[in-house]
Amino acid sequence: MTDPSAPTDLVELNDGVAMPRIGYGTYKVGDDEAQQAVEAALSAGYRLLDTAEMYGNEVGVGRAVAASGVPREEVFLTTKVWNDHHGADAARAALEASLERLGTDYLDLYLIHWPSPKQGLYVETFEALLKAKEDGLIRSAGVSNFLPEHLDRVHEAAGVYPSVNQVELHPYFNQRELRAWQAERGIATESWGPLGQRTGSVLAEPAVAAAADAHGKSPGQVVIRWHLQHGCVVIPKSSKPSRIAENFDVFDFALSADEMAAIDALETGVRQGIDPGSGER
Ligand SMILES: NC(=O)c1ccc[n+]([C@@H]2O[C@H](COP(=O)([O-])OP(=O)(O)OC[C@H]3O[C@@H](n4cnc5c(N)ncnc54)[C@H](OP(=O)(O)O)[C@@H]3O)[C@@H](O)[C@H]2O)c1
């Protein structure tokens, strides 16, 4: 197994697909802005792009990929099925609509955005993703915001765990137990909201600032490196080309065990987003 404290550019998923460890997140990047921002990300070296049906920017993301000159097969494209398209037929139709908007005939990774447990359709939805994989429309089938109970139900019904679970994860909510649980089952952990900026500011924390000073890096780069050394795939978002490039420049330094532990100690046990078990989504 790869040493997570020495991250490489790629992680191998449980179905053999290779996924880049750093991606560009596009939540709150509008369709018009998306083309320019995604082109900036691709020219900075990102090869993983994270969008969603719900972000309303798939057209802009697709245009950026087409205009970038980067061959489609070098880009790892992820999008997500939204909660109002759970169920076999609805999920398949949502996937086909996303492909159309993105201007591509396949996705590298398709995620169920939320388990939406009140609807009780996430197992059927995941099975539709597996069928789409068989049909060559997606290379890998994953989920987002799933709790272990949801992952186990999928495993019981489908016989496989999703390849990826994209969850809220940052130094204030570091998901230590879930990361270990998923690693034991071969599920890659992908961190959303990785900079922890929604409430409070991880980037202003003394533990982060001290590591940034010690390595001559920015607080954002330190936090992104912390994700990589925990073995997570990380998808920071920025609308600013300078930060987009900065957030990708994290392979030339390593945090020490003490620096990692100091950042781990920022854990609050409090989510910044919705609790996936609450039924709110
Ligand atoms: N699956 C889900 O339910 C879910 C939920 C939320 C997000 N996501 C995905 O995860 C991605 C990342 O999460 P996120 O966008 O919520 O939050 P994030 O990437 O943790 O933080 C983005 C914020 O941090 C700022 N920022 C970025 N780089 C910075 C740096 N180096 N220094 C200082 N500030 C910096 C950005 O401002 P500027 O733009 O002004 O630079 C923006 O306000 C999303 O874009 C989306 O793709 C998924």
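Indexing begins at 1, ligand by ligand and atom by atom, following the structure's order.
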Query - Basic-acidic side-chain contact under 4.0 Å: Asp31, Arg63 - result: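 Salt bridge: no.
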Considering only protein heavy atoms, which is closest to [atom], and at what distance to one decimal place?
atom	answer
atom 33 (C) of ligand 1	Leu203 CD1, 3.3 Å
atom 37 (O) of ligand 1	Arg243 NH1, 3.4 Å
atom 12 (C) of ligand 1	Ile235 O, 3.1 Å
atom 40 (O) of ligand 1	Lys240 NZ, 2.5 Å
atom 23 (C) of ligand 1	Lys237 O, 4.1 Å
atom 18 (P) of ligand 1	Pro194 CD, 3.8 Å
atom 17 (O) of ligand 1	Gly193 CA, 3.6 Å

Query - Short N or O distance, Gln197 and ligand 1, threshold 3.5 Å exclusive - result: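 Such a contact does not occur with ligand 1.
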Requested in this report: Look only at interatomic distance and state if Gly220 has a nitrogen or oxygen under 3.5 Å from any nitrogen or oxygen of ligand 1.
Outcome: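 No; the residue has no nitrogen or oxygen that sits under 3.5 Å from a nitrogen or oxygen of the ligand.
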Under a 4.0 angstrom heavy-atom cut-off, which atoms of ligand 1 come close to [X]?
X	answer
His113	1 (N), 2 (C), 3 (O)
Ser239	38 (P), 39 (O), 41 (O)
Leu195	20 (O), 21 (O), 24 (O), 26 (N), 27 (C), 28 (N), 29 (C), 35 (C)
Asp50	9 (C), 46 (C), 47 (O)

Report task. Say whether Thr79 and Glu58, considering side chains only, have a donor N or O and an acceptor N or O under 3.5 Å apart. Result ->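 Yes.
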Query raised in the report: Are Ser191 and His227 close enough that a side-chain donor and a side-chain acceptor fall under 3.5 Å?
Result: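 There is such a pair between these side chains.
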Query raised in the report: Quick one: which of Asn247, Ile112, Thr26 has a heavy atom closest to atom 31 (N) of ligand 1?
Result: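 The nearest heavy atom belongs to Asn247.
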Query raised in the report: Who's closest to atom 2 (C) of ligand 1 heavy-atom-wise, of Tyr24, Tyr27, Trp192?
Result: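 Selected option, by shortest heavy-atom distance: Trp192.
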Any idea how [X] and [Y] line up, ring-wise: parallel (<30°), tilted (30 to 60°), or perpendicular (>60°)?
X	Y	answer
Trp82	His113	perpendicular
Tyr46	Phe248	tilted
His215	Phe253	tilted
His170	Tyr172	perpendicular

**Report entry** Worked check of salt bridge (charged side-chain N to carboxylate O under 4.0 Å, His left out) between Arg92 and Glu96
**Finding:** CA-CA 6 Å; Arg92 180 63 169 236; Glu96 287 170 5; 3.1 Å; yes
Given that the side chain starts at C-beta and the backbone is N, CA, C, O, which of these parts of [X] lies under 4.0 Å from ligand 1, counting heavy atoms, or is it both or neither?
X	value
Val29	neither
Thr51	neither
Ser238	both
Asn145	side chain
Lys28	neither

Report task. Check for a donor-acceptor pair, side chain of Gln229 on one end and backbone N or O of Leu255 on the other, with a separation under 3.5 Å. Result ->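 Yes, because the side chain of Gln229 sits within donor-acceptor range (under 3.5 Å) of the backbone of Leu255.
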**Report entry** Ring-face cation contact, Tyr106 with Arg72, 6.0 Å cut, 45° max
**Finding:**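 Yes.
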Query raised in the report: Roughly how far apart are Asp135 CG and Leu95 CG, rounded to 0.5 Å?
Result: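 Atom-to-atom, Asp135:CG and Leu95:CG are 9.5 Å apart.
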Query raised in the report: Are any non-hydrogen protein atoms located under 4.0 Å from atom 20 (O) of ligand 1?
Result: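 It does; a protein heavy atom is within 4.0 Å.
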**Report entry** side-chain contact (heavy atoms from CB on, under 4.5 Å), paired with Thr78, selected from Val233, Ile235, Leu111
**Finding:**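 It is Leu111, the one option of Val233, Ile235, Leu111 that forms the side-chain contact (heavy atoms from CB on, under 4.5 Å) with Thr78.
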Query raised in the report: Which atom names give the shortest non-hydrogen contact between Ala141 and Asp15, and what distance separates them?
Result: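 Answer, listing the atom of Ala141 first, then Asp15: N-OD2, 4.4 Å.
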